[in-house]
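Values below: all heavy atoms of this structure, side chains included; hydrogens, waters and symmetry mates excluded. Index from 1, following the sequence. From a predicted model like this one, the values you see are computed outputs, not experimental measurements.
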Amino acid sequence: MNISNNNNLNIFDLPDEILFIIVKKLNISDVIYSLMDINERFVQLLFDPFYIQNLNITLMTMKSFYQRTFSLHEQVLSNICENILPKIHDQVKQLVIEQHSMKRILTHNYSQLYSLSLVNFKEEILFRYLADYTTLPTLLIRQITHINIDIQSDEIPKLFSEFSSDIFLLILSLCRRLIKLNFCQVFSYRNSFISIYNLPKTSCTCSTLIELKINVASFNDCLYLLDGRFDSLSKLTINVRNIEYERKEINNKTKLPKLKYFSLTSFSFIHHFDEYIIPLLRRMINLEELLLFLSVIRTDSTFIDGTELYDEVLVHMSQLNKFIFSVNTSVFIENNEMDVPLSEDIQNSFIGREYGQVSSCVHFEPRTPKDTSIDFVEAKAVIKSHIYSLPYQFESFLHLNNSFQGGMFVNVRYLTMTDSFPFEHEFFKTISDCFPFLKSLTISNLKPQKNKQHSSTLISFPHLNILNLVNAHDDYAEQFLVDTNTHLPCLLDLCITYESLEIITNNFTNDATRPYCSKLKGLHMHKPFVRPKHFDEYFCLLLHMSKFRDEF
């Protein structure tokens, strides 16, 4: 194609291969609705079996970080249901739907459908559909092998009600051919959990299930899933809300020879790593891939390093060929005389053991009388280490402090920063460079900044949607909410104390903080308050306010 000699080229001049690549990048519902009547060539392209076999009839729209809609416009949905689905339903193999449109979409016979994603459902509505609505259970019984369940949750990480546990049981009992189940890990911003430990063993089984992704409340729930009831399970991705002292009635000794892939994530602190985690991992004798994302608390003890991981865990996994990890260790000591290990010493412990590239950092913090974050009354100091494999593959990076040495973390969307020494303006420039796609930032630091004369360099977080300053000094509100200091074009939600908000906005009259505050859609604070004068005009686009609580 000689572009230089043709000034009248348009999209119709592109070959089908290029057009196909373009439309695959777009939302299929919008594409079908907008382009199907353009010309016959487009119709043939859009109804190509390789394109329509994966049909997503949702459109995610963010009102705020936690408030998102997935419904299509009524006119678009009607056209798809009346004019599109009758022509293609027998070619669809994978289907994504949300609760408001499900009844209309499932009126057709999807004879080739094997994968179903139910997105943004309320617990009670989804339970009712599974228990009482004929079409959905019939589909699950006869042909669905892959299912993804997404249940609505608010901004507070929580335990789901009994509805969700009952939904889990119904899925297992209905899906006679189930191979893969993603239960509430469809979207990473959701962080709610189910408790399954007390479910009857006879009803919570599935002999065909090979792959499971799930968020559970406790470590007992984790062991419950691995006690033999899922005897074909080879891949488990699990996020545990709390790993703490629990009743030891569940077996943590029987080997798991069929398990090939295991991913364990917990955002809470773990006090019993040696008692809980190590015995569990030693059961996985044929594991090929292992992912660990953990934060461990120890007292007057050693750090988790390459030597310990190898001697206690990896030496028992002869088939392991991939190990990805991010492990924070906090050692609380009763005096300040303990030798602080060097980051290089910890990093050297990984050499010669086929870990691949590893990074580490070590940080010393004296404890103050006001420090009640962890209940170690006698501890005089805490030494923190963070070890992680490179390239960094997790979406979250926790407990970053001033010992951070930099790097590139393109996968990270959620970052927490914690230190008893202040974070200065220049340090945030490093953070913005190292985490270019950050969406959520939490700062826990009650120390005022020493360098109040900010440099002329404007720091930018171009994708940041939510900022949590609940446990931060007022200086950090000034750092982020004054647009001459930091550029936040996508900020939607702010978590902050009312006292800090009142100070930084000068009782909601400060013009320097008005640009960002006037664009906020969500405001989350610890306690309710009476809205003062100028509040509503200062937060003129605010959609909702709520109480914010740290759950981890």
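- Tested against Tyr114 for a side-chain hydrogen bond (donor to acceptor under 3.5 Å, both in side chains), the candidates Gln94, Gln143, Lys180, His146 yield a single pass: Gln94.
- In this structure, the side chains of Thr265 and Leu294 stay at 4.5 Å or more apart for every pair of heavy atoms.
- The pair Lys235-Glu289 fails the salt-bridge criterion, with no side-chain N (NZ, NE, NH1 or NH2) lying under 4.0 Å from an Asp/Glu carboxylate O.
- Side-chain contact between Lys122 and Phe163 is absent, with no heavy-atom pair separated by less than 4.5 Å.
- A distance-only check finds no donor-acceptor pair linking the side chain of Asp90 to the backbone of Val92 [under 3.5 Å].
- Leu223 and Arg283 make their closest contact through CD2-NH1, 3.9 Å (heavy atoms, listed as atom of the first residue, atom of the second, distance).
- With rounding to the nearest 0.5 angstrom, the CG atom of Asn83 is 10.0 Å from the CD1 atom of Ile80.
- For the pair Phe267/Ser396, a side-chain contact is recorded, criterion being any heavy-atom separation below 4.5 Å from C-beta on.
- When every heavy atom of Phe193 is checked against every heavy atom of Val240, the shortest pair comes out as CE2-C, 4.3 Å.
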> salt bridge (Lys or Arg N to Asp or Glu O under 4.0 Å) between Glu211 and Lys258: does it pass, once the steps are laid out?
Replying inline: CA-CA 12 Å; Glu211 180 177 339; Lys258 291 186 178 180; over 6 Å; no
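- Salt bridge annotation for Arg229-Asp231: absent, with no cationic side-chain nitrogen under 4.0 angstrom from a carboxylate oxygen.
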> Where do Asn56 and Thr58 land on the side chain to side chain donor-acceptor pair (under 3.5 Å) test, with the steps shown first?
Replying inline: CA-CA 6 Å; Asn56 185 348; Thr58 68; 2.6 Å; yes
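- Remark: aromatic rings of Phe461 and His463 are distant, center separation not under 6.0 Å.
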> Under the side chain to side chain contact (heavy atoms under 4.5 Å, CB included) criterion, do Ile243 and Phe269 qualify, and how do the steps go?
Replying inline: CA-CA 7 Å; Ile243 300 178; Phe269 285 105; over 6 Å; no
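- With values rounded to the nearest 0.5 angstrom, Arg104 atom CZ is found 10.5 Å from Ile57 atom CD1.
- Applying side chain to side chain contact (heavy atoms under 4.5 Å, CB included) to Leu174 and the options Ile147, Ile144, Leu140, Leu169 leaves one that passes, Leu140.
- To the nearest 0.5 Å, atom CZ of residue Arg413 and atom CZ of residue Phe435 are 11.5 Å apart.
- Judged purely by atom type and a 3.5 angstrom limit, Ser78 has no side-chain atom pairing as donor or acceptor with the backbone of Gln75.
- At distances below 3.5 Å, at least one donor-acceptor pair connects side-chain atoms of Asp493 with backbone N or O atoms of Phe65.
- With Asn120 as the partner, the side-chain hydrogen bond (donor to acceptor under 3.5 Å, both in side chains) test is satisfied by one option alone out of Arg190, His100, Gln99: Arg190.
- Ring centroids of Phe397 and Phe409 are separated by less than 6.0 Å, placing the two rings close together.
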> How far apart are the C-alpha atoms of Val313 and Arg282, what are their side-chain angles, what is the distance that settles it, and do they pass the side chain to side chain contact (heavy atoms under 4.5 Å, CB included) test?
Replying inline: CA-CA 6 Å; Val313 178; Arg282 285 183 177 179; 5.7 Å; no
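- Between Asp536 and Arg531 a salt bridge is recorded (basic side-chain N to carboxylate O distance below 4.0 Å).
- A cation-pi arrangement, defined by a distance under 6.0 Å to the six-membered ring centre and an angle within 45 degrees of its axis, is present between Arg68 and Tyr189.
- Ser266 and Ser268 share a side-chain donor-acceptor pair at under 3.5 Å.
- Here Leu212 contributes atom CG and Cys206 contributes atom SG; the two are 9.5 Å apart, rounded to the nearest 0.5 Å.
- You'll find the side chain of Ile214 stays beyond 4.5 Å of the side chain of Asp221, heavy atoms only.
- The aromatic rings of His89 and His108 sit parallel, their planes meeting at an angle under 30°, below the 60° perpendicular limit.
- Of the possible donor and acceptor atoms, none in the side chain of Ser444 sits under 3.5 Å from a partner among the backbone N and O of Asn471.
- Taking the six-membered ring where tryptophan is involved, the planes of Phe323 and Tyr355 are tilted, since the angle between them lies from 30° to 60°.
- Rounded to the nearest 0.5 Å, atoms CG (Leu95) and OG (Ser117) are 8.0 Å apart.
- Ser232 and Ser207 get closest at one heavy-atom pair: OG-O, 2.6 Å.
- At least one side-chain heavy atom of Tyr66 sits under 4.5 Å from a side-chain heavy atom of His524.
- Asp150 places no side-chain N or O within donor-acceptor distance of the main-chain N or O of Cys184, the cut-off being under 3.5 Å.
- Leu59 approaches Leu72 most closely through the heavy-atom pair CB-CD2, 3.6 Å.
- The backbone N or O of Ser101 lies less than 3.5 Å from a partner atom in the side chain of Glu98, making a donor-acceptor pair.
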> Checking side chain to side chain contact (heavy atoms under 4.5 Å, CB included) for the pair Val412/Phe437: CA distance, chi angles, key distance, verdict?
Replying inline: CA-CA 7 Å; Val412 174; Phe437 300 106; over 6 Å; no
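- In terms of heavy atoms, Leu226 sits closest to Leu256 at O-CD2, 3.6 Å.
- Aromatic ring centres of Phe394 and Tyr392 lie closer together than 6.0 Å.
- Within the 4.5 Å cutoff, side-chain heavy atoms of Leu491 are placed close to those of Leu467.
- Note that the CG atom of Leu287 and the CZ atom of Phe262 stand 8.5 Å from one another [nearest 0.5 Å].
- In summary, of the residues considered (Leu172, Thr205, Ile210), a side chain to side chain contact (heavy atoms under 4.5 Å, CB included) with Phe230 occurs for Leu172 alone.
- With hydrogens and angles ignored, the 3.5 Å screen pairs no side-chain donor or acceptor of Asn465 with any backbone N or O of Leu492.
- Tyr414 places no side-chain N or O within donor-acceptor distance of the main-chain N or O of Glu395, the cut-off being under 3.5 Å.
- Considering only heavy atoms from C-beta on, Thr237 comes within 4.5 Å of Tyr261 through its side chain.
- Other residues, nucleotides and ligands contribute over 12 non-hydrogen atoms within 6.0 Å of the NZ atom of Lys260.
- For the pair Met545/Leu542, a side-chain contact is recorded, criterion being any heavy-atom separation below 4.5 Å from C-beta on.
- Nearest heavy atom pair, residue Ile194 against residue Ser164, reads CG2-CB, 3.6 Å.
- With hydrogens and angles disregarded, no donor-acceptor distance shorter than 3.5 Å links the side chain of Asn242 to the backbone of Glu244.
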>> Before you tell me yes or no, could you show the steps for Phe325 and Phe293 under ring pair (Phe, Tyr, Trp, His ring centres under 6.0 Å), namely the whole-Å CA-CA distance, both residues' side-chain angles and the distance that decides it to 0.1 Å?
In response: CA-CA 6 Å; Phe325 59 91; Phe293 187 93; over 10 Å; no
> Would Leu130 and Leu136 satisfy side chain to side chain contact (heavy atoms under 4.5 Å, CB included), going step by step from the backbone distance to the final call?
Replying inline: CA-CA 6 Å; Leu130 289 168; Leu136 179 59; 3.8 Å; yes
